[in-house]
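Okay, structure first, notes after.
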Amino acid sequence: MKQPVGIFDSGVGGLTVYKAIKKALPEENIIYFGDTARVPYGPKSENTIIKYSLQNARFLLQKNIKILVVACNTSSALALPELEQITNIPVIGVIQPGVKLAVESTLNNRIGVIGTEGTIRSEAYNKAIKAILPEAEIFSYACPLFVPLVEEGWIQHPATKLIAEQYLSYFKDKNIDTLVLGCTHYPLLKSLIDEIMEHKVKLIDSADAIALHLKTLLPVEEHNEPGIDRFYVSDNEAKFSEIAEYILGVKPTPVKSVHLYESWFE
Ligand code: DGL
């Protein structure tokens, strides 16, 4: 049995990362965990996000994973050091790959970042972009309603368009040429965001960059058999399956619901 790659997110958003990894590394076994009982993470406090992230990681570590992909910007922004402390396996966050793409993309050094309140408040993107491109001007804006709208499957809903127009009006006079989709749920709204930004701004989705990074870390599996994937959620597997099918284009293999009993992790 090949040791699996472990991925977690607060809900369905991390499936955008799962999809890119599956495409780049089809022979890997993948275990995905979506914390659907406690989504969204974005508005929660740093301590809570760290606690939830550690619980999710411990659940996956029990499944003998060989690498942990934190497919949630909020957890990557706030909990990466704590996650690295509980394991010896590599822990991959989603911020650095997105930052690298953004810095490569910008021509005028004016970069926009959208994310959850937790991610924007942490200034993780600002710090990481400035570390590579000190002259960059960064304009960040939290879009807290995007995650529940995506979790609800309201991807092409008129209400989502209205809310997106309101949020993105912040960037109208900022003259950015690059906008980082700093939340793994947001690529699902990419065509809407692109339309509202009048196709003038490069949108950065780090999923492919993460998959490529992972490829450099993992030796090629010998037998070339397609991997077997497993999906776990902390609540409401039927709803997860429905949105997952929309995102992946295929029904995910049976989704299991698990309870992250607090006592397991203390
Ligand atoms: N996909 C998570 C992220 O990238 C969403 C966080 C949330 O649950 O608010 O930040």
Side-chain angles (χ1 to χ4, degrees), residues 6-21 32-57 60 68-80 83 91-99 101-102 112-126 128 140-155 160 163-164 167 179-190 193 203-211 231-236 239-240 243-244 246-248 260:
I7 305 178
F8 83 78
D9 178 40
S10 59
V12 297
L15 289 173
T16 56
V17 177
Y18 161 83
K19 196 173 173 182
I21 293 175
Y32 183 93
F33 177 72
D35 193 6
T36 48
R38 306 187 292 197
V39 67
Y41 281 12
K44 299 195 166 78
S45 70
E46 183 171 349
N47 279 348
T48 300
I49 292 161
I50 292 172
K51 183 173 131 182
Y52 290 178
S53 303
L54 288 173
Q55 291 177 343
N56 301 342
L60 289 170
L68 175 66
V69 180
V70 184
C72 174
N73 285 265
T74 316
S75 295
S76 299
L78 295 166
L80 218 52
L83 289 168
V91 178
I92 313 292
V94 283
I95 304 235
Q96 282 301 335
V99 164
L101 290 180
V113 179
I114 52 174
T116 67
E117 287 163 294
T119 300
I120 299 302
R121 211 182 322 116
S122 75
E123 299 197 338
Y125 274 101
N126 299 46
S140 316
Y141 202 76
C143 304
L145 293 172
F146 280 173
V147 169
L149 287 167
V150 169
E151 290 286 325
E152 200 53 40
W154 282 23
I155 286 157
T160 309
I163 289 165
Y167 281 151
L179 178 64
V180 179
L181 306 180
C183 170
T184 51
H185 284 69
Y186 296 1
L188 297 163
L189 303 174
K190 197 171 181 177
I193 295 171
L203 302 181
I204 303 296
D205 162 6
S206 54
D208 288 333
I210 296 155
F231 298 86
Y232 295 90
V233 290
S234 48
D235 198 15
N236 209 341
K239 190 167 172 198
F240 177 89
I243 304 167
Y246 175 85
I247 297 170
L248 303 174
L260 297 182

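These numbers come from a predicted model, not from an experiment. Every number for a ligand or one of its atoms is a count from 1 in the order of the listing. Nothing fancy with the numbering, it's 1 onward along the sequence.
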Does some side-chain heavy atom of [Y] sit less than 4.5 Å from a side-chain heavy atom of [X]?
| X | Y | answer |
| --- | --- | --- |
| Thr16 | Leu188 | yes |
| Leu68 | Phe8 | yes |
| Val94 | Val70 | no |

What's the shortest distance from [atom] to any protein heavy atom, and which residue and atom give it?
| atom | value |
| --- | --- |
| atom 4 (O) of ligand 1 | Asn73 N, 2.7 Å |
| atom 6 (C) of ligand 1 | Thr74 OG1, 3.4 Å |
| atom 9 (O) of ligand 1 | Gly42 N, 2.7 Å |
| atom 2 (C) of ligand 1 | Asp9 OD1, 3.3 Å |

Sidechain N-carboxylate O distance under 4.0 Å for Lys239, Glu152:
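Looking at Lys239 and Glu152, the cut-off is met.
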CD on Gln96 to CG on Leu101, rounded to 0.5 Å
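Here the rounded value is 11.0 Å.
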So, regarding Cys183 and ligand 1 (criterion: nitrogen or oxygen to nitrogen or oxygen, under 3.5 Å), is there a contact or not?
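So ligand 1 has no N or O lying under 3.5 Å from an N or O of Cys183.
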Hey, is ligand 1 close enough to Thr119 that some N/O pair sits below 3.5 Å?
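Looking only at distances, the answer is no, because the N/O contact criterion of under 3.5 Å is not met.
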Pick one: which of Ser122, Ser76, Ser206 meets side chain to side chain contact (heavy atoms under 4.5 Å, CB included) with Ile95?
Ser76
Proximal atoms of ligand 1 relative to [X] (non-hydrogen, under 4.0 Å):
| X | result |
| --- | --- |
| Thr116 | 6 (C), 9 (O), 10 (O) |
| Val39 | 8 (O) |
| Ser10 | 2 (C), 5 (C), 6 (C), 7 (C), 8 (O) |
| Tyr41 | 7 (C), 8 (O), 9 (O) |

Is it the side chain, the backbone, both or neither of Thr184 that has a heavy atom closer than 4.0 Å to ligand 1?
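Looking at Thr184 and ligand 1, atoms from backbone and side chain both fall under 4.0 Å.
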For the pair Tyr167 and Phe146, name the ring-plane relationship: parallel under 30°, tilted 30 to 60°, perpendicular over 60°.
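Taking Phe146 first and then Tyr167, their aromatic rings stand perpendicular (interplane angle over 60°).
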So Phe231 and Tyr18, would you call those rings parallel, tilted or perpendicular, with 30° and 60° as cut-offs?
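Taking Tyr18 first and then Phe231, their aromatic rings stand perpendicular (interplane angle over 60°).
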Does Cys72 have a heavy atom less than 4.0 Å from any atom of ligand 1?
yes
